[in-house]
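No hydrogens, no waters, no symmetry mates; every other heavy atom, side chains included, goes into these values. To find a chain, count down the sequence lines: A is the first, B the second, and so on, and within it residues start at 1.
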2 protein chains.
Amino acid sequence: MTAPLHEAHPSSPGRRLPDTQQGMRRRNLARVMHTVSAEGPLSRAAVASRIGLTRAAVSTLVDELIRTGLLEELGPERPGRVGRPGSALTVSGRGPAGIGAEIGVDHLAVCAVDLRGAVRARAVRHGTNRGRPPQPVLGELTALVGQVVAEAEREGLWPAGLAVAVPGLVARDARTVVRAPNLDWHDLDLGPLIPARLPLTVDNEANFGSLAELWLGEATPRDFLHVSAEIGIGGAVVVDGRLLRGTHGFAGELGHVPVRPDGPECACGGRGCLEQYAGEEAVLRAAGLPPGQDRVGLLAERAAQGDTEVRDALGEAGTALGIALTGAVNLLDPQAVVVGGALAALAPWLLPSLERELARRTAGRGCAVAVSRLGPEGPLLGAAHSVVRAVLDDPAAVAERV
Amino acid sequence: MTAPLHEAHPSSPGRRLPDTQQGMRRRNLARVMHTVSAEGPLSRAAVASRIGLTRAAVSTLVDELIRTGLLEELGPERPGRVGRPGSALTVSGRGPAGIGAEIGVDHLAVCAVDLRGAVRARAVRHGTNRGRPPQPVLGELTALVGQVVAEAEREGLWPAGLAVAVPGLVARDARTVVRAPNLDWHDLDLGPLIPARLPLTVDNEANFGSLAELWLGEATPRDFLHVSAEIGIGGAVVVDGRLLRGTHGFAGELGHVPVRPDGPECACGGRGCLEQYAGEEAVLRAAGLPPGQDRVGLLAERAAQGDTEVRDALGEAGTALGIALTGAVNLLDPQAVVVGGALAALAPWLLPSLERELARRTAGRGCAVAVSRLGPEGPLLGAAHSVVRAVLDDPAAVAERV
DNA sequence: CTATTTCGTCATGGCGCTTAACAAATTAGT
DNA sequence: ACTAATTTGTTAAGCGCCATGACGAAATAG
C-alpha cells in the first residue's frame, strides 16, 4: 500500500500515527527537503534558521539525506558576506525520479522529472484513443513508460513512482477509472493493466493540472479554483495548498453546475448545465464548426482571424463560465480563479465576458482571474511532480527503498 | 499550516513551529485529551492502546493533565473482565469553560460550556437589535457575559475564552464585522467594544452553526455542506472536519449564488441570486405575509395549517435551494448536506422540492440531505464549543495560563 | 488458595534535539 | 599585513521524551 500522494504535509494534524521520535525525525527530514527544494541552493545554517532547528540538528539531517542520495553538496558558496562561507546544498539530480503519464483522448505521453523539477525524459505517441478498448491503449502506455524509465536510468535516476492522468473521474482508491466518457471506459481498475514495477497512482487530469498550477505556477496562491476543459469541463479546488477530493473523489466537477435551470436537457439528467454552454461540443455547434481533431486549435485560429460567429460563441461560453464561477467563488472565496488546460489557449476570447459576469455578480470583492502558463502540459507535469512531492513529503520512506 | 482551520483563537501557535520534542509532547497531550473527551471514561491503558503510545508514556501525560486540572480521576472501574481494573479518567468538570455568545437580530444569548460539553450557565436577553448602534448592544452583551462568567466561576469553572457569533460576514482576523446587514453594522472591530478579559473570537453564526453540527451532530460526517438561514442565507463548508474559511473569511456564502441568471436584480449587483427565491423576505412576499417578528415561526405555523400559498412559496424556495446546492455538490462532492438554523423548522416543506431538484440534477450519485437536530441553538453552542475545542487541541497552552 | 491477567509505576536506555565550545574560512579595520 | 570580528560546520555533553522490561497491585478463573 502506497502512502497517499500530495496529501497533508506530514506535520499537519489528522494523521493517526503515534507521535514518537521517529515521526519527528521523519517530519524534520521532510522539512529540510522542502526548504532546500523550494529555496534553491542553501547552506546548512540557512536551512537551520529557516526551519527553526539548530545547525547541529540540521547537519545530522543533511548527512542522512546526502547518504541516501536525496541531497547533494555543491561545495563552498561564493562569499559576499563576512564570515566563513557555507557549503551549498541542492536536491539531487541523480536520485529518485517521478514518472508521469497522461492518457489523452488524442495522445499518450510519459515523462520523467527529477527532484529539481527538471524534465529528464519524455515519450509521446499521437493518435486517437477514443473508444479504443483499455488493453491496447494501456499496453502502449506501458511501453512508453518502459522507454522513459530506461532513459531516466541512463541518466542516473531511479523511478520512485508512476502517476497517470486520465480524462475522467477516478475513485478515491487512486486506481479505478469510474467513468471516462471520451474513452468510453467505465469502472476499470488500471492497477493490473499497467504492470510497471512502481507504486501507481491514477487521478483525473484536471486534478493533476491544478496541482501543476499550484507547484509550478508563477504566482499561484494556496487557495484557488482551477478550471480546465479538454472535452468536458474539468475543475479542481485547492484549499490551503491541498487538493480537495470530495467523498467519492469527484470534487471539482464544474461541467454540470446549473447555469440556466430551465435550459436544454443534459445527459446527466439535469437542465442547463455549464457543459451545454461552454463544453467543446456546444461551442463548436454555436460557432457553426464541425467536430474533428484539434478543435480547440481550430477555434483559436478562427477567433484570431476575427470570425465573429466563433467569437460570439466563445463569448457566450465565457458568460456561462462566469455564472458558474460566481457560485463557486461565493461558496469558496478563493484567492484566484486559474484558467488552464485547453481553455488557456482560448482565454483571450473567453475572459472578457467571464470576468465581466464574475465582477458584476460578486460586486466589489470579486476574485482575480489568471491564465495558466502551463496550458495543456499541466496534467502530465502535475502527475510527474506528484511523485516528486511524495518523495519530498517523506524522504525517509524513500530511503527505506534504497 | 499546522493548526486546524477552525482555530482562529488568538492563542493559536505559529504555523511553522519547529518540530521539536516540546511540540511532540504538546501534540500527545492533545491526543490524550481528545481521546478521553470523545470516548468517555477511559483507563490509562485504554488511552495508550488507542493512541499508540505505551502505558508508561500515557501515565506521565495524564499526570500532567490532572495536575493542570484538565483531567479527573474517577476511581477504579468495575468491570467483569479479568485483571486489575483501570482507573477511569474523564475530562474535568471544574476546569476551563468555553464562553459562547450570540448576537441575533432579535436577541442576545450567552452560555458557558465545560470540557465535557455540558452547558453550565446561560443568559438571554430578548428584544430586537435591528439597526441599533453597536455600543449599547455590545454593552448589554458584555453584561450578560459577566453574569455567565460569574455563574460559571461559582461552579468551579474558569473561562478560557469568549467566542461571539454574529449575523454577518467576519474578516479573517476573527474580530472585525465586515458587514452585518440586519444590524446595519459595517467594518466594526468588536475587540475594543467587548472588554471581557478573555481571548476573543468573532465569527459568522453560520460558521459556528456548522461547527456545532460537526461536533455535536448525531451522525454528521467530516465532509458536509451546512445550509442555514436566519435572515439572509448562510452556509458553511466543512472539509475533512475543518471549516473552510476562504481568503477573506467569506466562504460558504450561498445567498448570492446565481439561480436564474436573468432573474430579478439583487442588491449585490447580480441577478437571480438564491436569496431572491429562498431568502426570508422573498418567501414572505411570495406567501403573501407581512414582515414582522418571528416570521419563521409564522411560516411554519401557516404551512402546518395547510396554507397552500405558504406551502407553494416554501416549495419554490426549496427548488431554488436545490438548484444552488446542485452546483455546490458538483463542486465539492460532500458526504451530506445538512439543513440547519431557522431552515430546520421549515424543513418538512422545503425538503421535498429541494431533494427532488438535487436528485434529478446529480443523477444517481446524489447526496444525502439531513436536517439539523440543533436548529437555532447551533451558533451559540458552536461558539462555546469552539473555545472548548481550542483547549482540547492544545492543552499545554492552557496549562501555561494556570 | 494459586495461577493468570491486566493495570499503573519505576528504572533504564535510546533517540533526537539543544547547548556550548571549537576550528575553519572569510571580511573589516587599523 | 596583521588582528579582530563574524559566520559556518562539527563535536561532545546534556536533557527531554518515549520505549522497554520488570514489578507490585488488584481483579478473575479454576
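Distance CD (Gln21(B)) to P (dC17(D)): 7 Å, rounded to an integer number of Å. Atom-to-atom, CD of Glu77(A) to P of dT27(C) comes out at 13 Å; the value is rounded to the nearest Å. Leu74(B) has its CG atom 12 Å from the P atom of dG8(C), to the nearest Å. dC15(D) atom C1' lies 10 Å from atom CD of Gln22(B), rounded to whole Å. In this structure, Arg55(B) places its CZ atom 16 Å from P of dA26(D), rounding to the nearest Å. Per the geometry, CG belonging to Leu42(A) stands 16 Å off P belonging to dT7(D), to the nearest Å. Distance CZ (Arg78(B)) to C1' (dA27(D)): 12 Å, rounded to an integer number of Å. Rounded to whole Å, the distance from CZ on Arg81(A) to C1' on dT8(D) is 10 Å.
Distance from the side chain of Met24(A) is smallest to dG16(C) among dA26(D), dG16(C), dT9(C). Of the candidates dA19(D), dC17(D), dC17(C), dC17(C) carries the atom nearest the Leu61(A) side chain, counting heavy atoms from C-beta on. The side chain of Ala57(A) has dT18(C) as its nearest neighbour among dG24(D), dT18(C), dA19(D). Of the candidates dG9(D), dG8(C), dA19(D), the closest approach to any side-chain atom of Leu53(B) belongs to dA19(D). For Ala56(B), whose side chain is taken as the heavy atoms from C-beta onward, the closest listed nucleotide among dC15(C), dT9(C), dT11(D) is dT9(C).
Between the side chains of Thr60(A) and Arg25(A), at least one donor-acceptor pair of N or O atoms lies under 3.5 Å. When only modelled atom types and interatomic distance are considered, Glu72(A) and Thr90(A) share no side-chain donor-acceptor pair under 3.5 Å.
Dashed line: the shortest gap from a side-chain N or O of Arg44(A) to OP1 or OP2 of dT10(D) is under 4.0 Å. Taking only side-chain nitrogens and oxygens, Ser59(B) comes nearer than 4.0 Å to OP1 or OP2 of dT9(C). For Arg25(B), a side-chain nitrogen or oxygen approaches OP1 or OP2 of dC18(D) to under 4.0 Å. For Asn28(B), no side-chain nitrogen or oxygen approaches OP1 or OP2 of dC17(D) to under 4.0 Å.
Of the possible polar contacts, none joining the Arg26(B) side chain to the Gln21(B) backbone as a donor-acceptor pair under 3.5 Å is found.
Under the side-chain contact (heavy atoms from CB on, under 4.5 Å) test applied with Leu162(B), the options Leu198(B), Thr201(B), Val149(B), Val387(B) reduce to a single match, Leu198(B).
For Arg84(A) against dT8(D), a side-chain-to-base donor-acceptor contact under 3.5 Å is present.
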- Query: Are Arg84(B) and Glu77(B) close enough, and set up right, to give a salt bridge (charged side-chain N to carboxylate O under 4.0 Å, His left out), and what steps lead you there?
  - Reply: CA-CA 9 Å; Arg84(B) 169 179 166 178; Glu77(B) 291 172 327; over 6 Å; no

- Task: Go through the steps to decide whether Asn28(A) and Leu61(A) satisfy the test side-chain contact (heavy atoms from CB on, under 4.5 Å), and finish with yes or no.
- Result: CA-CA 8 Å; Asn28(A) 281 333; Leu61(A) 292 165; 3.9 Å; yes

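Place Val58(A) and Pro76(A) on DNA chain C by their nearest nucleotides, and Val58(A) ends up nearer the 5' end. A residue-by-residue look at Val82(B) and Ser87(A) shows that Ser87(A) has its nearest nucleotide of DNA chain D further toward the 5' end.
Ala45(A) comes within 4.0 angstrom of the backbone, heavy atoms only, and of no base.
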